[in-house]
Amino acid sequence: MSLEGKTAIITGASRGIGCAIALTLADAGAAVLINYTHNREAADEVKDKIISKGGRAIVVQADVSDYSQCLTLMQSAIDNFEGIDILVNNAGITRDNLLARMKEEEWQDVIDINLTGVYNCCRAILRPLLKQKSGGKIINIASVAGIYGNSGQANYAAAKGGVIAFTKSLAKELGSRKINVNAVAPGFIETEMTSVLPEDVKKDVITRIALGRLGCPEDVAETVLFLASAADYITGQVIAVDGCIAL
Ligand code: NAP
């Protein structure tokens with residue numbers, strides 16, 4: 001699964017799943033753009049790891065919920081790399097609460113970053129991607145919460161369900177241009193996002209996973225690599241990376 005000569009933009013790549021995706025795609029030969037919002041130091045560490053192994057990487061700050069910042073993000077990739085081949089929309093947040101207690105900003109922040117952020121990045125990359133006429137791969141990181149729903153995550157599940165519907169629609173729009181659009185739906189993956197869960201909750205979750213363990217960021221990254229490199233006849237799909245969880 002080689003990405004030699006390809007370029008990839010990964011949003012939210014300073015930590016967790018995005019970091020693993022950046023390292024995995026770089027190991028496969030891609031030049032990668034590492035995006036972040038707040039954590040410059042962590043993003044630089046990812047870049048340094050890639051460069052120390054002889055790879056190519058740049059770091060660009062942008063808030064994906066702001067369309068003008070997404071345009072600048074895509075322009076940085078165009079200016080620094082030979083073209084754009086792969087966009088991984090990974091940036092995401094949680095603001096969990098039962099709906100009865102959910103504040104309007106908890107709803108809005110999650111929709112703005114997790115759903116509008118995907119729309120913003122796809123919209124910002126579309127024109128240059130179509131102009132290149134060389135096809136491409138868009139991979140959106142959704143969640144099993146967007147398939148099954150999850151108590152305390154009405155905002156997050158709505159955003160991720162939206163990402164799945166958006167993915168299927170865009171795949172239909174862009175198929176004739178050889179641009180594949182797929183989603184990956186992780187289950188419970190050990191990152192900072194899930195580190196806030198109490199130990200007893202984690203233990204309970206594990207009892208509901210057929211493979212008997214939480215996922216790791218590399219489990220998701222390997223699936224993204226497959227979709228980015230070897231999956232030319234797969235589009236409009238959602239691949240769950242959840243160890244077969246019963247939610
Ligand atoms: P994480 O460890 O909390 O990392 C989140 C990343 O997103 C960071 O790099 C962060 O950048 C970036 N980010 C946050 N807001 C942003 C914004 N407005 N613009 C640009 N970047 C932003 O999260 P994770 O667990 O790796 O999750 C990554 C993706 O997988 C998310 O879409 C999440 O919903 C999805 N997912 C995760 C799980 C799980 O169990 N962990 C399960 C299902 C789906 P800074 O470092 O600068 O803050």
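Residue numbers start at 1 and run along the sequence shown. Computed from a predicted structure; not experimentally measured. Order of listing sets the numbers, starting from 1, for every ligand and every atom in it. Computed from heavy atoms alone, side chains included, the values below leave out hydrogens, waters and symmetry copies.
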Please output the side-chain donor-acceptor pairs of residues 24-32 that fall under 3.5 Å, not counting sequence neighbours, one pair per line with the distance.
unit_1, atom_1, unit_2, atom_2, d
T24, OG1, A20, O, 2.7
D27, OD1, K53, NZ, 2.9
D27, OD2, K53, NZ, 3.4

Set of side-chain contact (heavy atoms from CB on, under 4.5 Å) partners for K47, sequence neighbours left out:
I34, D44, I51, A57, V59
Checking N39 against S14: is there a side-chain donor and acceptor pair closer than 3.5 Å?
no
Is the number of heavy atoms from other residues, nucleotides or ligands within 6.0 Å of CZ (R177) greater than 12?
no
Quick one: CG on L126 to NZ on K131, what's the gap to the nearest 0.5 Å?
13.0 Å
Taking only distance into account, with no hydrogens and no angle test, what donor-acceptor pairs under 3.5 Å do side-chain atoms of residues 239-247 form with protein atoms, sequence neighbours excluded?
unit_1, atom_1, unit_2, atom_2, d
D242, OD1, C244, N, 2.9

Could you please provide the protein residues found below 4.0 Å of ligand 1 on a heavy-atom basis, arranged by chain and number?
G12, A13, S14, R15, G16, I17, N35, Y36, T37, H38, N39, A62, D63, V64, N90, A91, G92, I93, I113, I141, A142, S143, Y156, K160, P186, G187, F188, I189, T191, E192, M193, T194
